[in-house]
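Proteins come first, then strands; the chains are lettered A, B, ... in the order of their sequence lines, and each starts at number 1. Model, not experiment: these values are computed from the prediction.
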Number of protein chains: 2
Amino acid sequence: MVDVCMVSVAKGRQQKIEHDECRHSGDISCVQPSYKQVEDFLLQADNLCIKRKQRFTDLRKQVLSLICRSEQPLGAYALLDLMKDAGRSAAPPTVYRALDFLQEQGFVHRLASNNTYLACAHPQQQHEAVFLVCKQCGATQELHTDGIYKAVESRAKKVSFKVEHASVEVVGLCAHCRAA
Amino acid sequence: MVDVCMVSVAKGRQQKIEHDECRHSGDISCVQPSYKQVEDFLLQADNLCIKRKQRFTDLRKQVLSLICRSEQPLGAYALLDLMKDAGRSAAPPTVYRALDFLQEQGFVHRLASNNTYLACAHPQQQHEAVFLVCKQCGATQELHTDGIYKAVESRAKKVSFKVEHASVEVVGLCAHCRAA
DNA sequence: ATATATAATGTTACATTATAACATTACATT
DNA sequence: AATGTAATGTTATAATGTAACATTATATAT
């Protein structure tokens, strides 16, 4: 099994590359896995759980799968609805616990600006990310760029603040919606 | 009336400077107004409202005042409690509308990471800010630094994303809590 | 294999955050 | 004073999230 990283290498075009190749440089934009890549993504999560001695249960797999297949980040209650549609009706704590697990494993991110969850483009490693949230269509891109976090770290250091988690959420218009 | 900008020029020390002097360079950290500066802050907001032909009503003034006087960012329901304590009992829509107004005028910021509101260190001008939220004591600093936003803009531009609002919220430990 | 401990999930109830919709009051302008 | 608009009051409810405890599934040791 090879780690898989979904990247968009040019406008709209997506390419699956191996983890070793993915250096998170400033020149690629990492995005949510496309529908066809979901299976790879779930397999990868599965392998990471084995490696980390974590249990990738049916519930967790289902929640992650639903998030992956969504075009947009999903809220907890939207997930509950989708689970009901899929024949598994659950109460809020169930989905919140699954989401907590998936976040701890780095498989999903939570967007504080709109209370939603989306699949992480790079489950292999811990990282910070920048999210570009289109206020029109809701589509959200995950960018990786050292520059922003280095700037944050540097500023925090000046006031002796110990950074644990930096969340950068950018609301605006995506390329597609700008054109339309 | 002179625009007033609250800055911390060294560890813990605060100084009130005139707006013209405040260039938001990377070397100063802008913080919430201290208790003694609240009156100046409210006066400043009042003047800005006059200039902008906006109504700085009692309600809005009271909400802003409570936020200013708080050591920490306040949630909407904490504000409601404080208003009740002050003899004005209000329902949620009342305080949310006041908060909307204060945000529109740039007098307060909302922190999405913990659903709270805090006074803006620079009500004079529209700006983006970085918030350092101490997860222990809740104290929150507002930093201004072009570097981070330039980095965000630059990365967004590469994917043709039009930035409207960038929120940077950093959770960690403040200098004080690290020492203790 | 069975007992035991632990982790995960189910379930109920409720806490917290936020808004819709409509009534009333205050204010600005004529 | 009449009128229109903005602000606030009020009621009800939506949306988001969690505490507490019961049950089920899994891992580990015996």
Whole Å only: how far is the [atom1] atom of [X] from the [atom2] atom of [N]?
{"X": "A:F101", "N": "C:dT6", "atom1": "CZ", "atom2": "P", "result": "20 Å"}
{"X": "B:R60", "N": "D:dT8", "atom1": "CZ", "atom2": "P", "result": "5 Å"}
{"X": "B:L64", "N": "D:dA7", "atom1": "CG", "atom2": "P", "result": "16 Å"}
{"X": "B:K61", "N": "D:dT8", "atom1": "NZ", "atom2": "P", "result": "12 Å"}
{"X": "A:L99", "N": "C:dT9", "atom1": "CG", "atom2": "P", "result": "12 Å"}
{"X": "A:K53", "N": "C:dA8", "atom1": "NZ", "atom2": "C1'", "result": "19 Å"}
{"X": "A:M83", "N": "C:dT9", "atom1": "CE", "atom2": "C1'", "result": "10 Å"}
{"X": "A:D81", "N": "D:dA15", "atom1": "CG", "atom2": "P", "result": "10 Å"}

If I take atom [atom1] from residue [X] and atom [atom2] from residue [Y], how far apart are they, to the nearest 0.5 angstrom?
{"X": "B:F161", "Y": "A:H176", "atom1": "CZ", "atom2": "NE2", "value": "14.0 Å"}
{"X": "A:F56", "Y": "A:I50", "atom1": "CZ", "atom2": "CD1", "value": "10.0 Å"}
{"X": "B:L132", "Y": "B:C174", "atom1": "CG", "atom2": "SG", "value": "9.5 Å"}
{"X": "A:R88", "Y": "A:L66", "atom1": "CZ", "atom2": "CG", "value": "10.5 Å"}

Next on the checklist: Is it the case that over 12 heavy atoms from other parts of the model lie below 6.0 angstrom from the CG atom of A:D58?
Outcome noted: no
Checklist entry - Which atoms form the tightest heavy-atom contact between A:Q72 and A:A139, and what is the distance? => result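 Shortest heavy-atom separation between A:Q72 and A:A139 comes out as CG-N, 4.1 Å.
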Item to check | Verdict with reasoning, B:R69 to B:E39, per salt bridge (charged side-chain N to carboxylate O under 4.0 Å, His left out) | outcome: CA-CA 10 Å; B:R69 289 171 206 279; B:E39 284 308 314; 3.4 Å; yes
Checklist entry - Counting any heavy atom closer than 4.0 Å, what does B:T57 reach on the DNA or RNA strands: base, sugar-phosphate only, or nothing? => result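 Sugar-phosphate contact only.
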Next on the checklist: Is the phosphate of C:dT9 approached by A:T94 (side-chain N or O, under 4.0 Å from OP1 or OP2)?
Outcome noted: no
Checklist entry - Which sits closer to the 5' end of DNA chain D, B:Q54 or B:S89, going by the nucleotide each is nearest to? => result B:Q54
Between the protein and nucleotides 16-26 of chain D, list the N/O to N/O atom pairs that are separated by less than 3.5 angstrom.
| from | atom 1 | to | atom 2 | distance (Å) |
| --- | --- | --- | --- | --- |
| D:dG17 | OP1 | A:R110 | NH2 | 2.2 |
| D:dG17 | OP1 | A:N115 | OD1 | 3.4 |
| D:dG17 | OP2 | A:Y96 | OH | 2.9 |
| D:dG17 | O5' | A:Y96 | OH | 3.4 |
| D:dG17 | N7 | A:Y77 | OH | 2.4 |
| D:dG17 | O6 | A:Y77 | OH | 3.4 |

Next on the checklist: Does B:R52 form a side-chain hydrogen bond (donor to acceptor under 3.5 Å, both in side chains) with B:Q105? I'd like the steps, not just the answer.
Outcome noted: CA-CA 9 Å; B:R52 297 170 186 169; B:Q105 298 305 315; 3.0 Å; yes
Checklist entry - Does any pair with a residue in residues 160-171 of chain A pass salt bridge (Lys or Arg N to Asp or Glu O under 4.0 Å), and if so which ones, sequence neighbours excluded? => result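 Pairs touching residues 160-171 of chain A that pass the test: A:E164-B:K135.
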Checklist entry - Just how large is the angle between the end axes of the helix from C:dA1-D:dT30 to C:dT30-D:dA1, five pairs per end, to 10 degrees? => result 30°
